[in-house]
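Every value quoted in this text rests on a predicted model; they were computed, and no experiment measured them. Just so you know, ligand 1 is whichever comes first in the structure, and atom 1 is the first atom listed for that ligand.
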Amino acid sequence: MAELKLSESRDLTRIERIGAHSHIRGLGLDSALEPRAVSEGMVGQTAARKAAGVILQMIKDGKIAGRAVLLAGQPGTGKTAIAMGMAKSLGLETPFAMISGSEIFSLEMSKTEALMQAFRKAIGVRIKEETEIIEGEVVEVQIDRPAVAGAASKTGKLTLKTTEMETVYDLGAKMIEALGKEKVQSGDVIAIDKASGKITKLGRSFSRSRDYDAMGRRTQGFLALFTGDTGEIRAEVREQIDTKVAEWREEGKADIVPGVLFIDEVHMLDIECFSFLNRALENEMAPILVVATNRGITTIRGTNYKSPHGIPLDLLDRLLIITTQPYTKDEIRKIVDIRCQEEEVETSEEAKALLTHIGVETSLRYAINLITAASLACQRRKGKLVESEDITRVYNLFLDVKRSTQYLMEYQNQYMFNEAPVGDGDEDDANATFLKVNLLQQSSICVTMTSFQLCQCRIMLSGAELK
Ligand SMILES: Nc1ncnc2c1ncn2[C@@H]1O[C@H](COP(=O)(O)OP(=O)(O)OP(=O)(O)O)[C@@H](O)[C@H]1O
């Protein structure tokens, strides 16, 4: 029974979720910030990765505040992947906060408060603490037991050996208790924090030649984010925290570490938020703002004006813009390879080639999504290697956007509230134009599809043209 439980719990702990970007481990740059073709899970997109690397260097140097970067590009061209790469390269010491533009509308607080909290999450305070640590190998612990129980508190002696010398320390009741709790015995290697009396067992000494620092002074740093996760924070509380942090900075007890705030889908913000961002970036403690969008020229939310990416021109003017480019077939193939590995799906070369073809004809995301689904299809037929037939099976089960749109166009009359262009005759209607453009874009893709699909597409196109 006990064995069963053990194996059950072991299985449970082995479950690891694989996210859309879990294969990204950095930006894949060398020490001269030159992008390697395939590195740290990153493929291609070299110009954008290099530009992101320069920003990263600026962040690491800590010399700039309030810079903002825009990652702009078509859907699925790796904008979020690059932002994740930046986050991974920064390491744990630099805060990285990530939100999606739409999140700020769904929280129980004002939009600007939500943005303010996101900003503060991306700013770290490193508090420097000088502590005295004694580290060494325990030679002997000697505890004097009081003659009558409870008559007086315990005392004792601890002999600690370092490379240079052996030192005997007098022990008080607190230290004796701490040694007991850690079950410290002769031969253990321990560290004692003199200020708090905390004892940490580092291990056992096998050879007595190890080097230890006795009374070494170390700077212990920790990062405390001065933000709150629960509801609105009153302005006074925020001010009090800021005053305290300013005091610590003056006394040299703390450093401010501006990190990175990444806002994905930035076009979802509205004019008030954009105005807030303009202002917030002026602050000397402001983090680096990285925003991403896949929108073209579109309406700025909250206004009737259109602007590139739906971002007001004054904010756009402050942004360093990095564009991402569509992937080549070869790059898609490499990303498919990496994802198959990441999702632990053994896939035949032929199946990978088919996935690549699908990625080129539909979208990279769709191709990636088919990997795990195809692996399930493979398991069903008790196969060991995902083959083209598995890919074809799931390709027929799950539609990509283009085939789904085709289907919609065909059966639109049977749907509720459809606003498709057929028959309404209004040339200015935005939806109609969008769908028409969509249809026209599909025509080139359909050519490579089956003759049945090609025929369907022609019918639809002629329908759109007829109107
Ligand atoms: N250069 C790359 N190297 C490795 N994987 C990538 C690369 N670019 C994209 N991917 C992967 O492809 C998928 C889609 O990319 P991603 O989500 O980054 O696109 P995006 O540009 O943010 O798209 P959208 O505009 O739709 O948000 C993700 O799983 C991502 O990790």
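- Between Ala97 and Ala118, the shortest heavy-atom distance links the atoms CB-O, 4.0 Å.
- Residues meeting the salt bridge (charged side-chain N to carboxylate O under 4.0 Å, His left out) test with Lys111, sequence neighbours left out: Asp270, Glu272.
- With hydrogens left out, the protein atom closest to atom 25 (O) of ligand 1 is Lys79 NZ, 2.7 Å, a heavy atom.
- Of all atoms in ligand 1, numbered sequentially from 1 with element shown, those under 4.0 Å from a heavy atom of Leu364 are 12 (O).
- Checked for salt-bridge contact, Glu361 and Arg403 miss the test: no charged N lies under 4.0 Å from a carboxylate O.
- In Thr80, the parts holding a heavy atom less than 4.0 Å from any atom of ligand 1 are both the side chain and the backbone.
- Glu34 is listed as a side-chain neighbour of Lys50, based on a closest heavy-atom distance under 4.5 Å.
- Below 4.0 Å from some heavy atom of Asn294 lie the following atoms of ligand 1, by number and element: 24 (P), 25 (O), 26 (O).
- For the pair Glu265 and ligand 1, a heavy-atom separation below 4.0 Å is found.
- Look at Lys334 and Asp337 and you find no salt bridge, because none of the NZ, NE, NH1 or NH2 atoms lies under 4.0 Å from a carboxylate O.
- If you check which protein heavy atom lies closest to atom 9 (C) of ligand 1, you get Gly78 CA, 3.5 Å.
- Of the protein's non-hydrogen atoms, Arg365 NH2, 2.7 Å is the one closest to atom 17 (O) of ligand 1.
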Can you give each donor-acceptor pair under 3.5 Å made by side-chain atoms of residues 74-82, sequence neighbours left out, with the distance rounded to 0.1 Å?
from  : atom 1 : to     : atom 2 : distance (Å)
Thr77 : OG1    : Gln74  : O      : 2.6
Thr77 : OG1    : Thr324 : OG1    : 2.8
Lys79 : NZ     : Gly73  : O      : 3.0
Lys79 : NZ     : Gln74  : O      : 2.9
Thr80 : OG1    : Asp264 : OD2    : 3.0

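- Heavy-atom separations between Gly41 and ligand 1 include at least one value shorter than 4.0 Å.
- Of the N or O atoms in Arg339, none lie within a sub-3.5 Å distance of an N or O in ligand 1.
- For atom 29 (O) of ligand 1, the closest heavy atom belonging to the protein is Ala20 O, 2.7 Å.
- Side chains of Gln406 and Glu410: no donor on one and acceptor on the other come within 3.5 Å.
- Counting heavy atoms closer than 4.0 Å to ligand 1, residue Ile368 contributes side-chain atoms (C-beta onward) but none from N, CA, C or O.
- Only the side chain of His23 comes within contact range of ligand 1, with a heavy atom under 4.0 Å; no backbone atom does.
- A heavy-atom distance below 4.5 Å is not found between the side chains of Met268 and Ser100.
- Nearest protein heavy-atom neighbour of atom 23 (O) of ligand 1: Gly76 N, 2.8 Å.
- Looking only at atom types and distance, the side chain of Ser102 has no donor-acceptor partner in the side chain of Glu265 under 3.5 Å away.
- Just one of Leu320, Thr323, Ile322, Thr293 meets the side chain to side chain contact (heavy atoms under 4.5 Å, CB included) condition when paired with Leu70; it is Thr293.
- Numbered from 1 in the order shown, with element, the atoms of ligand 1 that lie under 4.0 Å from a heavy atom of Val43 read 1 (N), 2 (C), 3 (N), 4 (C).
- Using 4.0 Å as the threshold, Gly44 has no heavy atom nearer than that to any atom of ligand 1.
- Nearest non-hydrogen protein atom to atom 18 (O) of ligand 1 is Ala81 N, 2.9 Å.
- Atoms of ligand 1 lying under 4.0 Å from any heavy atom of His21, numbered from 1 in the order shown and given with element: 16 (P), 17 (O), 18 (O), 28 (C), 30 (C), 31 (O).
- Between Glu387 and Arg393 no salt bridge is recorded (no basic side-chain N to carboxylate O distance below 4.0 Å).
- Close approach of ligand 1 to Tyr327 (heavy-atom distance below 4.0 Å) involves ligand atoms 1 (N), 2 (C), 7 (C), 8 (N), 9 (C).
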